[in-house]
Amino acid sequence: AGYAWIAPTGEKEAKVGVGIINDFVRDANIHNLQESFINNIKHISQGQTIEVHSGMLFANRGIKKHALDNFLTIGDAAIQVNPLVGEGIRHSLQSAEIAAEVIEHAFQSNDFSEHLLGSYNNKWKQYIGNRWKLSLLIRDHVQEVDDKKIDKFIESFAKYSPEEALEVIKGNFSLKSAYKIVPGLIF
């Protein structure tokens, strides 16, 4: 019902984090989980905490309508976070690129109507396709899976090249590629 990460940012520095899904871990304290994660990794537990950041985000399919007259919402404000892995930075940047195109067209047309700005919705839907719907289905199913099935799921990544595995982890997969890992979760 969550995950943790270590991202080296220098020779003796790293960003360390923990993410949980509140729907599945209601009584968890995120700060205690992070402290436990850090304390259980020898080379990190000996380090010093420089900064602490925390927050909450919603990881679902996002909002359906991004535009109104004279208004467009994108990124975290539009819940543009992959529901499987909670990643949002790359998607926020992509949403900003799409929004810039739409806003540039609005300036050129001197039209900031919901109709014109609403073209963002279609472009965003094209960008995510069915990936987030699949991500949400996988995420919700994984919460009900026991450790043996999780182990099989992880082993199923052996069917992928490193590049393909990275794309799956990033949530860039099709129904066909998702099917390679789903049997590990179900059987």
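Starting from 1, each residue takes its place in the sequence as its number.
Across all their heavy atoms, Ser95 and Gly75 have their closest contact at OG-N, 3.3 Å. Residues Leu68 and Leu117 approach most closely at O-CD1, 3.6 Å, considering heavy atoms. Between Thr73 and Ala77 the shortest heavy-atom distance is OG1-CB, 3.4 Å.
No donor-acceptor distance shorter than 3.5 angstrom exists from the side chain of Ser135 to the backbone of Pro83, with no hydrogens or angles considered.
Interatomic distance, Gln94 CD to Ile128 CD1, rounded to the nearest 0.5 Å: 11.5 Å. Going from atom CH2 of Trp5 over to atom CZ of Phe37 covers 9.0 Å, rounded to the nearest 0.5 Å. Atoms CG and CD1, from Asn82 and Ile89 in turn, are 13.0 Å apart once rounded to the nearest 0.5 Å. The structure places CG of Leu72 at 5.0 Å from CD1 of Ile103, a figure rounded to the nearest 0.5 Å. Here Gln34 contributes atom CD and Asn29 contributes atom CG; the two are 10.5 Å apart, rounded to the nearest 0.5 Å. Taking CG of Leu93 as the reference point, atom CD1 of Ile74 lies at 9.0 Å (rounded to 0.5 Å).
Looking at residues two or more places apart in sequence or on another chain, you find a side chain to side chain contact (heavy atoms under 4.5 Å, CB included) between Glu163 and Ser161. Partners of Asn40 under the side-chain hydrogen bond (donor to acceptor under 3.5 Å, both in side chains) rule, at least two apart in sequence or in another chain, are Ser36. Annotation: side-chain hydrogen bond (donor to acceptor under 3.5 Å, both in side chains) contacts of Glu13 (sequence neighbours excluded): Thr9. By the side chain to side chain contact (heavy atoms under 4.5 Å, CB included) test, Glu11 pairs with no residue at all, sequence neighbours left out. Legend: residues meeting ring pair (Phe, Tyr, Trp, His ring centres under 6.0 Å) with Phe107, ordered by chain and number and at least two apart, are Phe112.
Residues Tyr127 and Glu97 fail the side-chain proximity criterion, which asks for heavy atoms closer than 4.5 Å.
Counting only residues at least two apart or on different chains, the salt bridge (charged side-chain N to carboxylate O under 4.0 Å, His left out) pairs with a member in residues 105-115 are Lys65-Glu114. Every pair tested for salt bridge (charged side-chain N to carboxylate O under 4.0 Å, His left out) that includes a residue from residues 28-42 fails, sequence neighbours excluded, so the list is empty. Residue pairs meeting the side-chain hydrogen bond (donor to acceptor under 3.5 Å, both in side chains) criterion with at least one partner in residues 116-125, sequence neighbours excluded, are His66-Asn121, Gln80-Tyr120.
Taken together through direct or relayed side-chain contacts under 4.5 Å among Ile, Leu, Val, Met, Phe, Trp and Tyr, Leu136 and Ile79 form parts of separate hydrophobic clusters. One hydrophobic cluster holds both Ile38 and Ile6 under the rule that ILVMFWY side chains link at heavy-atom gaps under 4.5 Å.
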